[in-house]
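Chain A is the first sequence line, chain B the second, and so forth, proteins listed ahead of strands; every chain is numbered from 1. Note: hydrogens, waters and symmetry copies are ignored here, and every other heavy atom, side chains too, is used.
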Amino acid sequence: MATYDAVVVGAGYIGCAVSYYLTKAGLKTALIDRGRLAAGASRANYGNIQVQDAELEYSLPMILAGKAAFETLEEDLGYKVGLRSIGSLLIAESESQAAGLQERRSRLEEFGVLVHWLSPAELQRLEPHLDAAQTFGALYNPQEMQLDPFKLIWAFVHRAQEKGLDLQLNTEILDFVLHGQQVGGVITAQGKIDSAATILAAGAWSAALGRKLGLDIPVKHVHGQAAATDYGGNLLNNTISSAAFFESAHDAAGADSQTVLAIAPTVHGNLLLGEAARVVDHFSSGTDAGSLQSICRTAIRFIPELRDFSIMRTWGAPVAFTEDGRPFLGPVSGLRGLLLAVAFKSTVIITPLIGRVIAQLVTGAEPDLDIRPFLLSRVRS
Amino acid sequence: MVEIDIAIIGAGPAGLNAAVAAADLGAGVALIDGYEYPGGQYFRQFPQEFRVSRLTDRYKQAEDLFAQIRRPEITYRQNSQVWNIDSDLNLDFIESSALGHLKPKAVILATGAYDRPAAFPGWTLPGVMTVGAAQILVKAQRVLPGRKILIAGSGPILLALGALLVWAGAEVVAVLEASQAMKRFNPLSVSGIWGQSDRLKEGWEFLRTLRKANVPYRQGWGIRRALGVDAVQGAACTRLDQHWRPIPGSEEQITCDTICIGYGFLPKTALSCLAGAAQIYRPEQGGWVPRRDNMMRTTIPGLYAAGDGAGIGGAGLSAAEGRIAGTAAAYEVSGKSQNGPDLEKLLAGLWKTWDSEKKFQKLFGELYTPGPGIDEWVDGETIICRCERVDLKAVDQAVRMGASNVDAVKGLTRAGMGACQGHICGRILAGQIARLSGRGVKEVGSLSPRPPVQPLSIGEAAGS
Amino acid sequence: MRFEPSNPNLPQVKRGSPITLWIDGRKIAAFSGETIAAVLFAEGLRLYRHQEGKTAVSLGGYFCGMGVCYGCLVSVDGLRRRACLTQVKDGMIVYTQPSGYGGSG
């Protein structure tokens, strides 16, 4: 029977970052996951560090703070995680989306983020291989970034392991340890893990885990699917995604697969294509031909030359989302010893920040972020 | 339009025999093969445009089998690549630039095998190719792969290629057999040799051909490095000990312009992994293979696997397994019990053949399964993943970063993410990670396949 | 190099009808039924530089001969094809070097 200062449930971006900062603060930490490292949405992630598509109401300050943490991250970790600058384009596919993007631009400017509005002609000049005639213009931020998701996660875990992290993969959480209203750890098939603090960072699986505590954590998920191409051609200079993403916003009523354009060139020279998304209640890492066809059609519509390239790999993952687009972060009223860190939208960019914030909450230090907008209590009746 | 009860993937010896056996019992069969012509590698045909003066025995055997699949119960789909399968037997394939889908009642995987390469310095030079690749050029295309040819690897196929090249008029500079097992081998004392007189005769004839042509055949020898700047110009070879480790001080240089390598075969198991079939580690059968029972059933209901694609065993075993799988699957889809005496009676004769072929498979494994030294021929600059140009140094770095299994190293180095989907580098990568991390090859696992199991053109996937 | 076997162990083969194709800008005579890989060998061309990646370094080219390794990719009428599996056709345009690709530079 082991006693820890903290047990982290979920070894995705968030869980791994949290584990790193907890062990860095000298806390005896265990990291548990039902599968392997980054088995869920994190595995399907592009590694984009984007500001301009942030949820504007509450998340933008968090995201800006997150981005600042990246300046020194590689140095702090002592690892190269493939961090590089790359611009991002938010494509308008309709007049109303264009208007929405224009408004987004002014809101971003208020926060000190400068982005540019491009007409289709200007977009065409910036991206010669993109069929800009398919668009109504785009928002352009030349200052975004990208990294290799696997390397980041691995770096967090490896450094944490060097500081004594107990990593338990392929380990299912059977239940939580509960002493009255105090969460005291978790119970797995291997046994009980007593812990002063329990951090739930299990993405789409968080709702089911919350129910074991009698807690309603309203996290839903889509089955997101994406694909990687082979090399060639430098077809894209920036990452592109469609403003239709804001409209679909994982519309719970829509059961059909919708493909929203999301294409990212990687540092390796190939493209990541996505993403088809369907709200589901099952958990799967599979892909289906219909979604792949949809992804390919969308990709060719915008970049006709992609027709001659190949799909090397496809994957799917449950991607968590919330009704208001904000994550659940922080303590839960009525239950001591539990911290939530789930359903982040712009995940990569905030990983170091969230890791730090959770470590601060556990040690009782003042958190670097005002977490009040993200508490679970905002949705509880 | 015949209703498809059983989809058979692969039209080599196993798939062809499975199709005939299933059709004989009245099942509607789709025989799906990714190549232009049926027959797989073993029954590889000449292109239709070529006129052949006479057929060899093997071609005659192939023709018989091809004739047997021309019947209404069997729908033969050529140039049809299955790129995805799930545990419910949903199949996705691509054929003539169009996407297709099937959900049969049963699936028989008869995907076959390919030459197992080994990595050594210079193995990516033009002029280095597999034994099978050379055979295809010479046999099916009547083209020589080079002028001075070195053959290095293990197994009787080296002799077959050597003889073939001699007949074709090429100069074979040497045949290097890594295994020394045959030196101590007494055919009369081994039960696995019964019923294999044809194979033995063939082997002796190849050896005689090589001797007559003064081609050195060395056992317990291997290739240390391929030499050359833009292409192969020579090779450094060494003696190997019984574990296939290079013996220091025994290096010799051989002038050649082509090096044909083949260290046995590897089964194409990607589809069985995608479908979720449990895998077991059998190094003498090529590594990780799907677990099966004596009816060729995998752990996934309705999914069968037969032939070299489920464990290396040769054409005879493949044919027997194909017939067993076809028979058992036909019973399953017709609703008849697989546990009754009827099926047992049908399978009794096939099981006898199967047993005898398995004895040969076991013997073959004992003689030619590579020793651990095969993973020690590399140096830091040796390319491990050809598609992504990942060298041993990068793999070593990943292992030092704590990556101790193949998937983790893949994530960190991109090894296995290239066009070949890990077919060429997978086993090599596992061997290197095992060696560098001090673990067993079985422990480090293997590359988890993702669909598509081979690259899919975006234009074709878009289904325009 | 194409060969005509004089050894009785190998059956005589008559190749298909003569065709011409373009390889790296040169007009090449070949036979119907031959694979691009076989024609390249017959012309003494073994070095394919088409594979682009992080480093544009040449790879060996023909390696497995049966469509598994993807080392023999060439550009055929603008599309990427495996030379070992693709049969030559009259008028085909083949490039073994990436700069020969239409459109992808």
Determine the option with the most heavy-atom pairs under 4.5 angstrom with chain C, choosing from [options].
options: Ile383(B), Val131(B), Leu55(B), Val128(B); answer: Val128(B)
options: Arg51(B), Gln41(B), Arg142(B), Glu49(B); answer: Arg142(B)
options: Met129(B), Gln141(B), Gln454(B); answer: Gln141(B)
options: Ala140(B), Pro455(B), Cys260(B), Ala231(B); answer: Pro455(B)
options: Ser457(B), Gly146(B), Gly262(B), Ala170(B); answer: Gly146(B)

* Asked: Can the ring centroids of Tyr59(B) and Phe46(B) be said to lie less than 6.0 angstrom from one another?
  ->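 Yes; Phe46(B) has its ring centre under 6.0 Å from that of Tyr59(B).
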* Compute the centroid of each ring, for Tyr114(B) and then for Phe265(B), and state whether the two points are separated by less than 6.0 Å. =>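 So the answer is no for these two rings.
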* To do: Report, by ascending residue number, the residues of residues 3-14 of chain C in heavy-atom contact with chain B at a distance under 4.5 Å; give 'none' if the set is empty.
  =>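 Only Phe3(C), Pro5(C), Asn7(C), Pro8(C), Asn9(C), Leu10(C), Pro11(C), Gln12(C), Val13(C), Lys14(C) of residues 3-14 of chain C have a heavy atom under 4.5 Å from chain B.
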* By number, which residues in residues 86-94 of chain C have some heavy atom less than 4.5 Å away from chain B? ->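 Under the 4.5 Å heavy-atom cut-off, Gln87(C) qualify.
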Using non-hydrogen atoms only, which part of [X] is less than 4.5 Å away from chain C: side chain, backbone, both, or neither?
X: Ile424(B); answer: side chain
X: Lys139(B); answer: neither
X: Val138(B); answer: both
X: Gln48(B); answer: neither
X: Glu36(B); answer: neither
X: Glu205(B); answer: neither
X: Ile261(B); answer: side chain

* **Phe63(C): partners by ring-ring contact (aromatic ring centres under 6.0 Å, His included), with sequence neighbours left out** =>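 Result, ring-ring contact (aromatic ring centres under 6.0 Å, His included) vs Phe63(C): Trp123(B).
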What donor-acceptor contacts under 3.5 angstrom involve side-chain atoms of residues 16-23 of chain C, with partners at least two apart or in another chain?
none

* NZ/NE/NH1/NH2 to OD/OE distance under 4.0 Å, Glu34(C) and Arg2(C) ->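 Result for this pair is yes, salt bridge flagged.
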* **Lys/Arg-Asp/Glu bridge criterion (N-O < 4.0 Å) met for Arg147(B), Glu171(B)** =>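 Salt bridge: no.
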How long is the straight-line distance from [atom2] of [Y] back to [atom1] of [X], given to the nearest 0.5 Å?
X: Arg81(C); Y: Thr35(C); atom1: CZ; atom2: OG1; answer: 15.0 Å
X: Cys425(B); Y: Lys410(B); atom1: SG; atom2: NZ; answer: 9.0 Å
X: Gln135(B); Y: Leu161(B); atom1: CD; atom2: CG; answer: 5.5 Å
X: Leu429(B); Y: Arg427(B); atom1: CG; atom2: CZ; answer: 10.0 Å

* Do Phe93(B) and Gln81(B) touch side chain to side chain, with heavy atoms closer than 4.5 Å? ->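 Sidechains of Gln81(B) and Phe93(B): no contact.
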* Please determine if Arg46(C) forms a cation-pi arrangement with Phe41(C), meaning its NZ or CZ atom is less than 6.0 Å from the six-membered ring centre and no more than 45° off the ring axis. =>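 Ring-cation test returns no.
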* Asked: More than 12 heavy atoms of other residues, nucleotides or ligands under 6.0 Å from CZ of Arg54(B): is that the case?
  ->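 Enclosed.
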* Step by step, would you call Arg26(C) with Glu43(C) a salt bridge (charged side-chain N to carboxylate O under 4.0 Å, His left out)? -> CA-CA 11 Å; Arg26(C) 280 176 32 213; Glu43(C) 296 296 316; 3.5 Å; yes
